[in-house]
Undergrad: 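Quick one: this structure, given as structure tokens, is what I'll be asking you about.
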Protein chains: 2
Amino acid sequence: MTSKQEFIKKLRNSSLRPTKQRINICEVLFNRDKTFHFTINDLFNLIKDKTGEKVSLATVYNTVHAFHKKGYLKEIPINSNQTYFDTNVTDHHHFYDVKEEKLIDLKNEDVGPIEIQKSIPGKKIKSVEVLVKLED
Amino acid sequence: MTSKQEFIKKLRNSSLRPTKQRINICEVLFNRDKTFHFTINDLFNLIKDKTGEKVSLATVYNTVHAFHKKGYLKEIPINSNQTYFDTNVTDHHHFYDVKEEKLIDLKNEDVGPIEIQKSIPGKKIKSVEVLVKLED
DNA sequence: TTCGTTGTTTATAATTATTCTAAAGAAGAT
DNA sequence: ATCTTCTTTAGAATAATTATAAACAACGAA
Ligand SMILES: [Mn+2]
Ligand SMILES: [Mn+2]
Ligand SMILES: [Zn+2]
Ligand SMILES: [Zn+2]
């Protein structure tokens with residue numbers, strides 16, 4: 001089955017109509033070997049480059065938010081004027097190259113288990129993420 | 001010596017003129033027992049409340065950036081529409097209460113040492129920060 | 001197929017955090 | 001006191017994101 005067919009199926013299963021725009025965005029985001037870290041603007045430009053078809057900026061925002069809500073994308077906490085997203089939705093850690101403004105995945109074994117010895121009454125831990133900032 | 005005198009001295013030592021506005025901001029930020037996590041807007045409102053004097057928003061931005069550059073404030077990486085700052089400039093980790101949108105300091109012993117087993121050629125580690133997200 | 005419904009895309013406007021500008025004011029040096 | 005330099009400020013500019021509402025496309029039922 002071609003990737004396009006799979007994206008259509010996945011979209012349908014998620015109650016998202018498989019539009020031309022969404023399929024193109026899927027191709028750009030998910031037809032990859034490695035994790036993809038991106039800003040909305042990165043993605044907006046890549047769609048044009050890779051598919052030859054233009055998708056409006058509003059649709060890129062809409063789609064990224066829809067995918068995020070469905071759990072197909074993850075938001076990455078770094079301070080930047082733009083929000084970063086990640087196609088790797090598992091719990092994992094990052095290097096952040098401050099100069100290049102680029103994220104790099106860390107494998108969990110590169111960091112080791114992290115035991116949080118403190119707890120807040122009435123709250124439970126949702127995620128534990130390490131951000132390692134890199135400089136030259 | 002009163003705190004005001006100390007702030008004046010500290011500002012002078014940092015080649016920042018001790019203006020009424022900066023001293024007020026110092027009182028709000030640094031006259032505390034515990035770490036203070038805030039957004040520019042939090043601070044802007046607190047200044048009016050705590051000192052009775054209004055400082056323009058532009059000055060709050062200017063001053064926070066000046067203090068940040070001097071190393072008296074730290075920027076905290078969480079995804080939010082507003083940037084968070086921290087009066088605790090040491091290397092430390094955080095809980096982030098997603099619902100309350102509040103940061104809580106973690107002591108280093110609450111997390112334990114983190115060994116990063118991977119390195120990127122030509123880059124060195126600048127900081128290692130853990131963000132623990134909390135939910136109900 | 002056609003039709004009606006509902007969901008989606010899009011250009012554009014609105015919003016919001018932050019930065020910039022330039023004029024007025026305050027601090028420091030002489 | 002005078003001069004210089006730094007600071008404050010209101011308001012304008014910028015830039016990311018979200019909202020609006022009209023045109024459009026997908027879907028299901030007839
Ligand atoms: Mn989102
Ligand atoms: Mn800053
Ligand atoms: Zn990642
Ligand atoms: Zn802190």
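Sequence lines set the chain letters: A, B, ... in the order given, protein chains first and strands last, and positions in each chain run from 1.
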Undergrad: To the nearest Å, how far apart are B:Phe67 CZ and D:dT7 P?
TA: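 Rounding to the nearest Å, CZ of B:Phe67 and P of D:dT7 are 11 Å apart.
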Undergrad: Please report, rounded to the nearest Å, how far the P atom of C:dA17 is from the CG atom of B:Asn79.
TA: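 Taking CG of B:Asn79 and P of C:dA17, I get 15 Å after rounding.
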Undergrad: Please state how far atom CD1 in B:Ile23 lies from atom C1' in D:dT8, giving the value in whole angstrom units.
TA: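 Value for this atom pair: 14 Å.
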Undergrad: Return the nearest nucleotide to the side chain of B:Arg22; candidates are D:dT7, C:dC20, C:dA17.
TA: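 Of D:dT7, C:dC20, C:dA17, D:dT7 is nearest to the side chain of B:Arg22.
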Undergrad: Where the side chain of B:Thr19 is concerned, which of C:dG28, D:dT7, C:dT18 is the nearest nucleotide?
TA: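 Of the candidates, D:dT7 comes closest.
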Undergrad: Considering all heavy atoms of both residues, which atom of B:Val128 and which atom of B:Asp91 are nearest to each other, and what is their separation?
TA: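 Of all heavy-atom pairs spanning B:Val128 and B:Asp91, the closest is O-OD1, 3.9 Å.
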Undergrad: If you assign B:Arg12 and B:Ile40 each to the DNA chain C nucleotide with the nearest heavy atom, which residue ends up on the more 5' nucleotide?
TA: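 Mapping each residue to its closest nucleotide by heavy atoms, the 5'-most match is B:Ile40.
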Undergrad: Whole angstroms only, please: what is the CG-C1' distance between A:Asn81 and C:dT16?
TA: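 Those two atoms, CG and C1', are 14 Å apart.
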Undergrad: Can you classify the ring geometry of A:His65 versus A:Phe85 as parallel (below 30°), tilted (30 to 60°) or perpendicular (above 60°)?
TA: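 Because their plane-to-plane angle is over 60°, the rings of A:His65 and A:Phe85 count as perpendicular.
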Undergrad: From C-beta outward on B:Val55, which listed nucleotide comes closest to its side chain: C:dT10, C:dA27, D:dT9?
TA: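 My answer, after comparing the listed nucleotides, is D:dT9.
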Undergrad: Report the nucleotide, chosen from C:dG7, C:dT10, D:dT17, that has the shortest atom-to-atom distance to any side-chain atom of A:Gln82.
TA: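 Nearest to the side chain of A:Gln82 among the choices is D:dT17.
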Undergrad: For a quick check of understanding: with a heavy-atom distance under 4.0 Å over all strands, which category does B:Thr83 fall into, base, sugar-phosphate or nothing?
TA: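 Sugar-phosphate contact only - B:Thr83 comes under 4.0 Å of backbone atoms but never of a base.
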Undergrad: Is the closest basic N to carboxylate O distance between B:Lys74 and B:Glu129 below 4.0 Å?
TA: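 Yes.
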Undergrad: Which of these nucleotides, C:dT10, D:dC27, D:dT17, is closest to any side-chain atom of A:Pro18?
TA: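 Out of C:dT10, D:dC27, D:dT17, the nucleotide with an atom closest to A:Pro18's side chain is D:dC27.
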Undergrad: Check the distance between D:dT17's C1' and A:Tyr61's OH and give it to me in whole angstrom.
TA: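 Whole-Å distance recorded here is 5 Å.
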Undergrad: So A:Asn62, base contact, sugar-phosphate only, or nothing? Heavy-atom distance under 4.0 Å.
TA: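 A:Asn62: base contact, heavy atoms under 4.0 Å.
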Undergrad: Checking contacts here: which listed nucleotide (D:dG11, D:dT18, C:dT10) is nearest the side-chain heavy atoms of A:His65?
TA: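 The answer is D:dT18.
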Undergrad: Measure from CG on A:Asp42 to P on D:dA16 and round the result to the nearest Å.
TA: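 From A:Asp42 CG to D:dA16 P: 11 Å.
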Undergrad: Closest approach to the side chain of B:Arg17, judged atom by atom: which nucleotide of C:dA27, D:dT17, D:dA10 is it?
TA: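 Minimum distance to the B:Arg17 side chain belongs to C:dA27.
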Undergrad: Of the listed nucleotides (D:dT8, D:dT17, D:dA10), which one gets closest to any side-chain atom of A:Leu57?
TA: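 Looking only at heavy atoms from C-beta outward on A:Leu57, the closest nucleotide is D:dT17.
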Undergrad: Could you tell me how far apart B:Phe44 (CZ) and C:dT18 (P) are, to the nearest whole angstrom?
TA: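 Rounding to the nearest Å, CZ of B:Phe44 and P of C:dT18 are 13 Å apart.
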Undergrad: Please determine if a side-chain N or O atom of B:Gln21 lies less than 4.0 Å away from the OP1 or OP2 oxygen of C:dA26.
TA: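 For C:dA26, OP1/OP2 do not have a side-chain N/O of B:Gln21 under 4.0 Å.
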Undergrad: Do B:Asp136 and B:Lys99 meet the salt-bridge criterion of a basic N to acidic O distance under 4.0 Å?
TA: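 Looking at B:Asp136 together with B:Lys99, the answer is yes, because their closest N to O distance falls below 4.0 Å.
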Undergrad: How many angstroms lie between NZ in B:Lys133 and CG in B:Leu131, if you round to the nearest 0.5 Å?
TA: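 One finds 6.0 Å between NZ of B:Lys133 and CG of B:Leu131.
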Undergrad: What's the NZ-C1' distance between B:Lys54 and D:dT9, to the nearest Å?
TA: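 Distance check: B:Lys54 NZ to D:dT9 C1' gives 9 Å.
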